[in-house]
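Each remark here refers to the structure printed beneath this line.
Below, all heavy atoms of this structure are taken into account, side chains as well, without hydrogens, waters or symmetry copies. Along the sequence shown, residues carry numbers from 1.
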Amino acid sequence: MSSEHEAAAAIRAAYPQADEQLTRYAEILGGRGIEWGLMGPREGDRLWQRHVGNSLAVADLISTGLDVVDVGSGAGLPGIPVAIARPDLHVTLLEPLLRRANFLSLAVEELGLEDRVEVVRGRAEESKARFDVVVCRAVAPLDRLFKWTAPLFARGGQLVALKGETAEDEVREASKQLAAKSMTAEVLELQGLAGVEPTRAIRVR
């Protein structure tokens, strides 16, 4: 079994109640997502192992019943997989670009998520809303990301940013900013399911 099939099977087994919606979302990413240029043409062969599974690693870090915002949501990663796997959460997909916001609105409608997933076209620094958890993936280095997203935090709010090998360097470079706001950052190693690429996250709280 290829790692993509292994990842899909492992994710479906871990989230049986979300199987149908996750499968449909992977189909949307592999079809319209590539056609509209939100996903690279080569990403169609690793949607589950690299994108869906990677995003779901965030879902376990969020407490029950919170308001979550996915900043710079793009194709809906990690926000849509998190919303599918965690029906107790209310998720806002915040995306400044019109084409991407339109993609998100179509996906949310097709997946039947309108009751708890909202698409907002705009920038983080312009938003007046407040959230318990801010999530993002591949948006910007932590120093810039924290500056943009800190105003979104509700009291006791936190940021969970999916990152790669530069995570520790980013935490060091943002240390003065974080200290000025009495925030701390930690790098988390997130081990995914079978076939899913392991990933890392920076959690700021």
Side-chain angles (χ1 to χ4, degrees), residues 2-5 7-9 11-12 15 18-59 68-87 89-127 129 131 133-141 144-145 148-149 152 159-164 192-193 195-197 199 201:
S2 74
S3 54
E4 178 69 352
H5 285 110
I11 291 167
R12 287 171 174 145
Y15 300 96
D19 181 0
E20 187 177 330
Q21 285 176 309
L22 287 172
T23 300
R24 178 68 191 119
Y25 178 56
E27 290 168 354
I28 291 170
L29 288 178
R32 192 186 306 131
I34 292 174
E35 289 163 16
W36 288 27
L38 275 67
M39 308 291 294
R42 295 182 181 175
E43 297 305 299
D45 294 332
R46 48 194 180 186
L47 294 172
W48 290 91
Q49 58 185 306
R50 171 169 283 192
H51 300 290
V52 175
N54 182 283
S55 297
L56 287 171
V58 174
V68 178
V69 62
D70 178 11
V71 170
S73 189
L77 301 161
I80 288 180
V82 168
I84 291 172
R86 292 287 306 277
L89 303 175
H90 182 277
V91 178
T92 298
L93 307 176
L94 186 61
E95 171 53 53
L97 298 181
L98 178 61
R99 179 166 48 94
R100 294 178 179 182
N102 287 342
F103 173 90
L104 292 171
S105 295
L106 281 171
V108 166
E109 183 180 350
E110 288 176 23
L111 293 165
L113 297 172
E114 305 102 309
D115 59 330
R116 54 194 178 80
V117 178
E118 180 182 4
V119 178
V120 175
R121 187 182 170 209
R123 299 182 182 279
E125 57 270 36
E126 296 164 356
S127 176
F131 303 90
V133 183
V134 179
V135 298
C136 61
R137 182 177 188 250
V139 171
R144 273 190 283 152
L145 187 60
W148 294 341
T149 60
L152 298 174
L159 167 70
V160 178
L162 284 166
K163 290 288 180 181
L193 299 163
V196 175
E197 293 184 9
T199 190

Q) Do the side chains of Cys136 and Thr149 get nearer than 4.5 Å, heavy atoms only? A) no

Q.
Would you compute the distance between atom CG of Leu47 and atom CG of Leu29 and round it to the nearest 0.5 angstrom?
A. 5.5 Å

(Q) Does anything in residues 77-86 form a side-chain hydrogen bond (donor to acceptor under 3.5 Å, both in side chains)? List the pairs, not counting sequence neighbours. (A) Arg86-Asp88

Q. With Val196, which residues qualify under side chain to side chain contact (heavy atoms under 4.5 Å, CB included), at least two apart?
A. Ala7, Ile11, Leu193

Q: Output every pair passing salt bridge (Lys or Arg N to Asp or Glu O under 4.0 Å) with a member in residues 40-51, not counting sequence neighbours, ordered by first then second residue.
A: Glu43-Arg46, Glu43-Arg50, Arg50-Glu197

**Q.** Contact summary for Ala18 and Ile84, nearest pair of heavy atoms
**A.** CB-CG2, 3.5 Å

Q) Side chains of Leu104 and Arg121: closer than 4.5 Å at any heavy-atom pair? A) no

Q: Taking all non-hydrogen atoms of both residues into account, name the closest pair between Leu56 and Ala85 and its distance.
A: CD2-CB, 3.5 Å

Q) For Asn102, what residues pass the side-chain hydrogen bond (donor to acceptor under 3.5 Å, both in side chains) criterion, not counting sequence neighbours? A) none

(Q) Test of understanding: with salt bridge (Lys or Arg N to Asp or Glu O under 4.0 Å), list the residues that count as partners of Arg32, not counting sequence neighbours. (A) Glu110

Q) Does the side chain of Val58 reach to within under 4.5 Å of the side chain of Arg137, using non-hydrogen atoms? A) no

Q: Could you tell me the separation between the CD atom of Glu125 and the CZ atom of Arg144, rounded to the nearest 0.5 Å?
A: 11.0 Å

Q.
Within the supplied structure, the quantity of interest is the number of heavy atoms (other residues, nucleotides, ligands) at a distance under 6.0 Å from Glu27 CD; does it exceed 12?
A. yes

Q | Partner residues of Pro96 under the side chain to side chain contact (heavy atoms under 4.5 Å, CB included) criterion, sequence neighbours left out | A | Arg123

(Q) So does Leu94 get a backbone contact from the side chain of Thr92, meaning a donor-acceptor N/O pair under 3.5 Å? (A) no

Q. Can you check side chain to side chain contact (heavy atoms under 4.5 Å, CB included) on Val52 and Tyr15, steps first, answer last?
A. CA-CA 12 Å; Val52 175; Tyr15 300 96; over 6 Å; no

Q) Who are the side-chain hydrogen bond (donor to acceptor under 3.5 Å, both in side chains) partners of Thr199, not counting sequence neighbours? A) Asn54

Q. Under a 4.5 Å cut-off applied to non-hydrogen side-chain atoms, are Val120 and Val69 in contact?
A. no

Q: Identify, with sequence neighbours excluded, every residue that meets side-chain hydrogen bond (donor to acceptor under 3.5 Å, both in side chains) alongside Gln21.
A: none

Q. What's the shortest heavy-atom distance between Ala140 and Lys163, and which atoms?
A. O-NZ, 2.5 Å

**Q.** Those residues that, when tested against Gln49, pass side-chain hydrogen bond (donor to acceptor under 3.5 Å, both in side chains) (two or more places apart)
**A.** Ser3, Glu4

Q) By side chain to side chain contact (heavy atoms under 4.5 Å, CB included), which residues pair with Arg12, not counting sequence neighbours? A) Ala8, Asp19, Thr23, Trp48

Q. Do you know which two heavy atoms are closest between Ala201 and Val160, and how far apart they sit?
A. CB-CG1, 4.2 Å

Q: Quick one: closest heavy-atom pair of Arg116 and Leu89, and the distance?
A: CB-O, 3.9 Å

Q) What is the minimum heavy-atom distance between Val91 and Leu93, and which atoms define it? A) CG1-CD2, 3.9 Å

Check: residues 71-80 side-chain donor-acceptor pairs under 3.5 Å, at least two apart:
from, atom 1, to, atom 2, distance (Å)
Ser73, OG, Asp70, OD2, 2.8

